[in-house]
2 protein chains.
Amino acid sequence: MKYLKKLRNSGLRPTKQRLQICEVLFDTEKTFHFTINDLVKKINKQSNNKISLATVYNTVHAFEKKGYLKQIPINSSQTYFDTNISDHHHFYDLKEEKLIDLDNSDIGPINILKKISGKKIKSVEVLVKLED
Amino acid sequence: MKYLKKLRNSGLRPTKQRLQICEVLFDTEKTFHFTINDLVKKINKQSNNKISLATVYNTVHAFEKKGYLKQIPINSSQTYFDTNISDHHHFYDLKEEKLIDLDNSDIGPINILKKISGKKIKSVEVLVKLED
DNA sequence: TTGTACTTTATAATGATTCTAAAAAGGAGT
DNA sequence: ACTCCTTTTTAGAATCATTATAAAGTACAA
Ligand SMILES: [Mn+2]
Ligand SMILES: [Mn+2]
Ligand SMILES: [Zn+2]
Ligand SMILES: [Zn+2]
């Protein structure tokens, strides 16, 4: 099992639900963006074992907390997640309601000149909205 | 009435609810960030006329569509709006759950090198998450 | 003033997400 | 394998921000 160690190292018990979700999320050529609903569909397509919705939510949040997923800041009725955990940014196609990766190299370096005392920067995320 | 013309020019009838909401939103020294709940509280503090929740939602969305408000892309349980409609960016203090403006001058120019054919850029927004 | 389109409102509906609490499963130690 | 304890899963209920409904009220052009 490919993801046993990953889960154990994270202090997450490698249950069959988590292993299956790992396969759907991480056994792919390319990274991708998804909502919880997208993920449930993928799970059901991949195998006949249903995983309860609560478990899908729990697992996604557990993976996010461990840094295996990123949440994308966007105003949508559903929360978007990203299996691409590298520093990068996004186009958001308003018409298609689709996210597109923007590599760091697609944007010049970003320099935050303002400082807030007692706080440090955790992340810098750029969202570029696209219209026709 | 200070906002009659503004509303008429927008094709929005200047009802007393809209005028009151204009006062709360735009009769201020500084711009600010708010959720619908914040706004309802401000309205109730300012006068005894209650405005129905549906009207607050309708009005905020009408003003956003007209460009008098901006929605801030952030993952929160409530949608944040901004009376500062200039091009600018945000710190988000994760601990305090507060937004702080980042002027364009606080960030160097942002150059989006990647192009998507048939699409044009509508907005570029940077969200900087802060932790302790 | 009258007609009509727009607006407000109370209320219900929606839908994503979280909560609950009981059953199931993982795993360390024996 | 058995025990014991903790973690996890699960169905279903609850939450809650937001949107829809449709009836009553209002703005305003003619
Ligand atoms: Mn979440
Ligand atoms: Mn909205
Ligand atoms: Zn991405
Ligand atoms: Zn702002």
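The sequence lines fix the lettering, A, B, ..., with proteins before strands; numbering per chain opens at 1. Only this structure's heavy atoms are used, side chains among them; waters, hydrogens and symmetry mates stay out.
- To the nearest 0.5 Å, atom CD1 of residue B:I51 and atom CD of residue B:Q46 are 8.5 Å apart.
- Applying the side chain to side chain contact (heavy atoms under 4.5 Å, CB included) rule to A:S86 yields the partners A:N84, A:H88; only residues at least two apart in sequence or on another chain are considered.
- Both A:N58 and B:Y57 lie near DNA chain D, and the one whose nearest nucleotide falls closer to the 5' end is A:N58.
- Distance, A:Q78 CD to D:dT18 C1': 14 Å, rounded to whole Å.
- Atoms OG and CD, on B:S47 and B:Q20 in that order, are 3.5 Å from each other to the nearest 0.5 Å.
- As a whole-Å value, the separation of A:L39 CG from C:dA16 P is 14 Å.
- Rounded to whole angstrom, the span from the CD atom of A:Q71 across to the P atom of C:dA16 amounts to 16 Å.
- Non-hydrogen atoms lying under 4.0 Å from DNA chain D are contributed by B:L53, B:A54, all within residues 42-55 of chain B.
- Applying the salt bridge (Lys or Arg N to Asp or Glu O under 4.0 Å) rule to pairs touching residues 71-96 of chain B yields A:K119-B:D93, B:K95-B:D132, sequence neighbours excluded.
- A sub-4.0 Å separation between OP1 or OP2 of C:dT9 and a side-chain N or O of B:Q17 is present.
- Applying the under-4.5 Å side-chain rule to Ile, Leu, Val, Met, Phe, Trp and Tyr, the cluster around A:L130 extends to A:F91, A:I100, A:L102, A:I107, A:I110, A:I112, A:I116, A:I121, A:V124, A:V126, A:V128, B:F91, B:I100, B:L102, B:I107, B:I110, B:I112, B:I116, B:I121, B:V124, B:V126, B:V128, B:L130.
- Aromatic ring orientation, A:Y3 versus A:F26: tilted (interplanar angle from 30° to 60°).
- Atom P of nucleotide D:dT10 and atom CD1 of A:I21 are separated by 9 Å, given to the nearest angstrom.
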Result block: side-chain N/O donor-acceptor pairs under 3.5 angstrom for residues 38-45 of chain B, not counting sequence neighbours:
{"unit_1": "B:D38", "atom_1": "OD1", "unit_2": "B:T35", "atom_2": "OG1", "d": "3.4"}
{"unit_1": "B:D38", "atom_1": "OD2", "unit_2": "B:T35", "atom_2": "N", "d": "2.9"}
{"unit_1": "B:D38", "atom_1": "OD2", "unit_2": "B:T35", "atom_2": "OG1", "d": "3.2"}
{"unit_1": "B:N44", "atom_1": "ND2", "unit_2": "B:V40", "atom_2": "O", "d": "3.4"}

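- Applying the side-chain hydrogen bond (donor to acceptor under 3.5 Å, both in side chains) definition to pairs two or more places apart or across chains, those involving residues 103-117 of chain B are B:H89-B:N104.
- Sorted by first then second residue, the side-chain hydrogen bond (donor to acceptor under 3.5 Å, both in side chains) pairs that include residues 7-19 of chain B, not counting sequence neighbours, are B:S10-B:Y68.
- Between the P atom of C:dG27 and the CZ atom of A:R18 lies a distance of 10 Å, rounded to the nearest Å.
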Please enumerate all protein N or O atoms sitting under 3.5 Å from an N or O of nucleotides 14-16 of chain D, with distances to 0.1 Å.
none

*asked:* Dot-bracket for DNA chain D, please. Rules: Watson-Crick or G-U, both distances under 3.5 Å, ( ) within the strand, [ ] when a pair crosses earlier ones, | for another strand, . otherwise.
replied: ||||||||||||||||||||||||||||||
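- We find that CG of A:L7 is positioned 18 Å from P of C:dA25, with the value rounded to whole Å.
- The nearest whole Å value for the distance from the NE2 atom in A:H61 to the C1' atom in D:dT7 is 19 Å.
- Residues meeting the side chain to side chain contact (heavy atoms under 4.5 Å, CB included) test with B:K129, sequence neighbours left out: A:K122, A:S123, A:E125, B:L94, B:L127.
- The closest donor-acceptor contact from the side chain of B:T31 to the backbone of B:T83 lies at 3.5 Å or more, if one exists at all.
- Across the protein-nucleic acid pair, A:F81 atom CZ and C:dT17 atom C1' stand 10 Å apart, rounded to whole Å.
- Look at A:S77 and you won't find any side-chain N or O under 4.0 angstrom from OP1 or OP2 of D:dT18.
- Here the closest heavy-atom approach between residue B:L53 and residue B:I36 is recorded as CD1-CG2, 4.0 Å.
- The two residues B:G67 and B:I85 come nearest to each other via the heavy atoms O-CD1, 3.4 Å.
- Listed by chain and residue number, nothing satisfies the ring pair (Phe, Tyr, Trp, His ring centres under 6.0 Å) test with A:Y57 (two or more places apart in sequence, or in another chain).
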*Reading nucleotides 22-30 of chain D 5' to 3', which nucleotides get B (base under 4.0 Å from a protein heavy atom), which S (sugar-phosphate only), which -?*
----BBS--
